[in-house]
Amino acid sequence: MRIRGWFTRDGVLREALGVGALVGLAHAVAETTLFAHYGVRATALDLALLIALPLAAGIGLAALAAAVVALSPRLRRTLATPGGLPRLRSAVWTLLIAVYAAVFLKIVGSVSGASAAIMWFAAAIPILIGASMAVFRRRGGELGLVWATVCVAATFCALQILHSGWTLLPEEKRTSFALSLAAAIAICYAALIVVARRAPRSESFEPIARPLRLATACAVAWVFLWGLAYSPRSFQLVRAGNQPAGAGSAGPNVVLAVLDTVRADHLDLFGYHRETMPLLRRFAQEECQAANRLFTTGSWTVPSHASMFTGLYPSAHGADTPRLNEANPDVYSFPIRDDAPTLAEYLNERGYQTAAIGANYGTLRSLDLMRGFEYQDVAGGSAYLAGEIAWLHRFQVGAAPSPGTWLRTAMSLDMARHSRIFSRLEPPYRRADSITDRALRWLERRGDQPFFLFLNYFDAHQPYLPAPEDSEHFARRPAGTEWLDFPTERFNAARWGQAQFEPHEAEFLIGQYDAELRTLDREFARLLDYMREDGLFDNTLLLITTDHGESFFEHGFVEHGNALYQPEIGGFLLIKAPPSMGAIQPSPHMQFVDFFPTIAAALNEPAPPNLQGSAWGQGRDYALAEQSCRICGAGADFGQWPESIRRELIAVIAGDHKLIRSTRDPDEVYDLRADPSESRPLTKPDPKFLARAEQIIAERNQRVLKRRGPQPAVDSDDLERLRSLGYVQ
């Protein structure tokens with residue numbers, strides 16, 4: 001009865017709910033405005049959720065503050081004493097400064113060489129807080145305490161807005177964005193100071209004392225939540241090369257387009273039974289000098305891309321995998337060795353403009369693969385953007401899911417169709433239309449120098465979420481398979497060989513993958529059309545390839561990065577060379593390691609020494625693929641990973657024969673012409689092939705012993721991006 005009396009007689013709960021609603025509504029408005037500013041197409045459902053949940057959180061926090069005030073006679077007596085309010089103010093400011101200091105330490109500790117604008121802005125916050133205290137403490141009494149608290153809350157929001165703008169806006173807009181934000185903050189502070197100077201100077205505001213205390217408590221709690229929601233990755237910036245271009249070159253333009261995760265045997269160009277990429281097939285047949293199958297050098301993104309950029313096999317360039325170090329289980333090996341020059345650096349030194357535009361934000365941006373690119377536009381899609389700037393996605397305590405994550409998994413499929421920010425149907429990566437749009441914008445603004453443009457299209461990667469118009473082109477959704485829209489526990493269990501799909505489910509999954517290729521086909525053809533219309537086509541060396549394939553239950557595997565069977569290393573290469581280069585003769589064993597020396601030859605320039613590839617792959621009678629153990633190391637806790645992939649692999653292909661050597665399993669030899677599915681290992685392999693394969697592996701092992709050494713560690717932000725794409729656990 002007494003508790004009810006405090007809540008009803010004094011109106012504490014009623015006032016608390018009003019204060020909490022105002023705080024939550026203000027935050028929700030700022031959140032939705034931020035989404036609109038960055039072009040995330042929030043639907044009516046998204047806006048309702050973004051407003052409702054912070055509103056509910058604000059009301060809940062205020063109700064909690066009301067309970068503390070109403071049920072604590074000691075607190076009420078303390079506030080009634082002459083020194084009560086100063087003590088409350090000191091406690092509030094101690095908490096606020098502690099939260100700010102913790103966040104600032106996170107920022108400084110997680111950023112190396114970050115923008116001076118962000119650091120100066122963050123360093124100025126204590127000055128703003130001090131100025132607020134100096135003015136509000138004398139002029140505002142309890143009202144001043146609320147205003148000063150709101151200043152701190154607004155400053156935390158401003159930090160997040162600055163971070164979002166700096167990492168997501170084009171480089172040319174960042175300075176004006178930061179200046180505009182600083183001007184807005186200055187205007188707000190000036191307005192608060194004017195109001196405070198006109199406020200009564202008495203320390204007692206009895207008619208409004210209780211709601212002001214509640215407002216202060218609610219604002220403090222809100223700032224505390226902002227501090228918890230900030231993670232070390234909040235100020236992770238896109239790292240641009242910014243190397244000055246060297247002397248001008250008269251060589252051809254170079255475009256390297258990687259269609260991530262596209263396996264060759266799912267292209268109608270190579271006889272697939274579905275018409276997955278008809279526009280690419282027509283381009284290959286009518287305009288390309290070569291359209292060949294290719295054996296990738298690895299079975300996942302990082303080692304394959306690193307081979308393209310360095311001309312080295314994975315065991316030589318060091319990016320075979322971020323794996324646990326035996327001496328320190330918490331340290332992962334760094335990808336590309338410091339002494340390995342990259343293709344972008346090489347071309348930049350020869351006067352080329354260098355640009356990288358891609359969707360694989362988890363590996364390309366994080367793991368030093370962008371070294372040498374002057375212009376970098378590698379980020380995630382709208383779902384990733386939501387996770388970066390949406391408070392509901394960022395806030396997480398311990399192992400509990402964030403409200404945004406909970407909404408995404410709890411929503412029914414029908415509701416998810418009407419949401420973008422919380423949708424399971426929206427992939428975390430940028431779709432092909434976004435990559436092509438950004439590539440066209442860069443090409444329109446390019447200078448007069450020749451250019452090297454690297455593109456990474458990610459649509460074929462899981463989760464298999466084709467554009468809506470393609471989603472059921474090849475296979476209709478079976479009843480009860482909503483989970484296939486966004487791979488979750490069951491998909492991962494199948495990936496590790498711990499679950500099986502029904503045949504109709506597997507067919508739908510493959511149909512979704514094939515439908516993604518149709519989406520990709522249209523958008524890549526749009527890029528080719530622009531290059532023809534703009535007059536770039538004739539003077540451009542165009543290499544179109546994939547970085548690896550994808551398993552669909554062959555040999556018991558799903559996805560990629562598991563093995564060196566053909567579904568995961570069976571790629572392709574299309575080459576369109578300028579007429580000035582004359583006839584080209586790519587080797588049937590041309591691989592990623594040959595891209596660097598091939599491009600150097602196209603420029604009539606010497607390639608760097610010690611490359612393991614050659615121009616057009618000439619002079620090598622084999623292809624080599626490697627895979628290190630991604631889960632080996634002292635202290636590794638990968639209980640869900642099956643024993644079958646706790647090994648290192650080497651694959652050697654010469655002629656029609658292929659050897660797969662494992663550190664834990666017997667050798668496997670296949671005749672790829674007679675057995676392309678690798679279902680019948682040879683019991684009596686050709687002795688000449690075995691002798692040649694042993695020689696190739698021995699030479700490879702000698703190179704490994706010479707080159708391998710201590711490597712620096714990948715930081716926690718890089719690992720988080722890899723985990724988001726399933727490359728590490």
Side-chain angles (χ1 to χ4, degrees), residues 263-264 292-321 335-337 340 343 545-549 560-573 586-598 607 610-630 647-663 665 667-673 678 685-686 688-708:
R263 52 187 278 182
N292 300 334
R293 289 180 179 263
L294 168 146
F295 300 101
T296 66
T297 55
S299 64
W300 68 294
T301 297
V302 170
S304 293
H305 279 82
S307 290
M308 299 179 203
F309 295 160
T310 64
L312 302 173
Y313 284 103
S315 56
H317 59 55
D320 45 353
T321 187
I336 301 178
R337 299 180 65 92
L343 178 58
T545 188
T546 182
D547 57 344
H548 53 75
H560 54 269
N562 302 304
L564 297 182
Y565 296 112
Q566 290 304 102
E568 296 192 29
I569 68 167
F572 66 94
L573 174 62
S587 163
H589 293 105
M590 186 173 178
Q591 290 192 276
F592 298 149
V593 293
D594 304 312
F595 289 6
F596 197 153
T598 295
N610 301 320
L611 298 189
Q612 293 178 324
S614 62
W616 308 111
Q618 296 296 328
R620 192 179 64 250
D621 63 346
Y622 66 90
L624 180 69
E626 300 174 320
Q627 181 168 303
S628 65
C629 181
R630 297 170 60 192
R647 74 286 192 257
E648 294 193 4
L649 299 172
I650 301 173
V652 176
I653 302 98
D656 295 329
H657 289 81
K658 175 180 177 180
L659 165 69
I660 300 177
R661 173 157 296 174
S662 167
T663 54
D665 300 315
D667 288 354
E668 300 173 56
V669 181
Y670 297 97
D671 183 339
L672 296 180
R673 179 183 293 274
E678 298 167 296
D686 181 356
K688 292 183 179 179
F689 166 74
L690 287 180
R692 178 63 179 134
E694 293 291 352
Q695 180 185 8
I696 294 168
I697 293 175
E699 293 172 353
R700 175 259 185 196
N701 292 340
Q702 286 297 317
R703 293 193 297 266
V704 170
L705 292 175
K706 290 181 179 179
R707 284 183 173 269
R708 271 190 173 165

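Hydrogens, waters and symmetry mates play no part in the numbers below; they use all other heavy atoms, side chains included.
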Partner of Met308 under side chain to side chain contact (heavy atoms under 4.5 Å, CB included), picked from Leu343, Thr297, Thr545, is Thr545
Between Gln591 and Tyr622 the two heavy atoms that sit nearest each other are OE1-O, 4.4 Å
With sequence neighbours left out, the residues meeting side-chain hydrogen bond (donor to acceptor under 3.5 Å, both in side chains) with Thr296 are none
| message | Could you check whether any side-chain N or O of His548 sits under 3.5 Å from a backbone N or O of Gly298, counting only pairs where one atom can act as donor and the other as acceptor? | response | no
- Item | Under 3.5 Å donor-acceptor, Asp594 side chain and Ala615 backbone | no
So CG of Asp667 and CG of Leu690: to nearest 0.5 Å the spacing works out to 8.0 Å
Ala623 and His589 have their tightest heavy-atom pair at N-CD2, 3.8 Å
Nearest heavy-atom approach of Leu564 to Ser299 is CD2-CB, 4.3 Å
Donor-acceptor contact present, side-chain Ser662 to main-chain Leu649, <3.5 Å: no
Closest non-hydrogen contact found for Gly613 with Arg620 is CA-NH1, 4.2 Å
Taken to the nearest 0.5 Å, the spacing of Glu699 CD from Gln612 CD works out to 11.0 Å
Output for pair (Ile697 CD1, Arg661 CZ), nearest 0.5 Å, gives 4.0 Å
Taken in chain and number order and not counting sequence neighbours, the residues that satisfy ring pair (Phe, Tyr, Trp, His ring centres under 6.0 Å) with Tyr565 are His555
Q.
If you apply the rule side chain to side chain contact (heavy atoms under 4.5 Å, CB included), what do you find for Phe689 with Asp656, and how did you get there?
A. CA-CA 10 Å; Phe689 166 74; Asp656 295 329; over 6 Å; no
Note: Gly571 and Ala264 closest approach over all heavy atoms is O-CB, 3.3 Å
**Item:** Donor-acceptor under 3.5 Å (Glu678 side chain, Tyr670 main chain)
**Value:** no
Interatomic distance, CD1@Ile653 vs CG@Leu624, rounded to 0.5 Å, equals 7.5 Å
CZ (Phe295) and CE (Met590) are apart, to the nearest 0.5 Å, by 14.5 Å
Here the gap from Ile569 atom CD1 to Asp547 atom CG, rounded to the nearest 0.5 Å, amounts to 13.0 Å
Residues Leu312 and Ser307: closest non-hydrogen pair is O-OG, 2.8 Å
Notebook entry, point to check: Can you list the steps and then say if Ile650 with Tyr313 is a side chain to side chain contact (heavy atoms under 4.5 Å, CB included)?
Noted result: CA-CA 11 Å; Ile650 301 173; Tyr313 284 103; over 6 Å; no
_Taking the side chain as everything from C-beta on, heavy atoms only, tell me whether Pro586 gets closer than 4.5 Å to Leu573._
no
Does Asn562 offer a backbone N or O that forms a donor-acceptor pair with the side chain of Glu568 under 3.5 Å?
yes
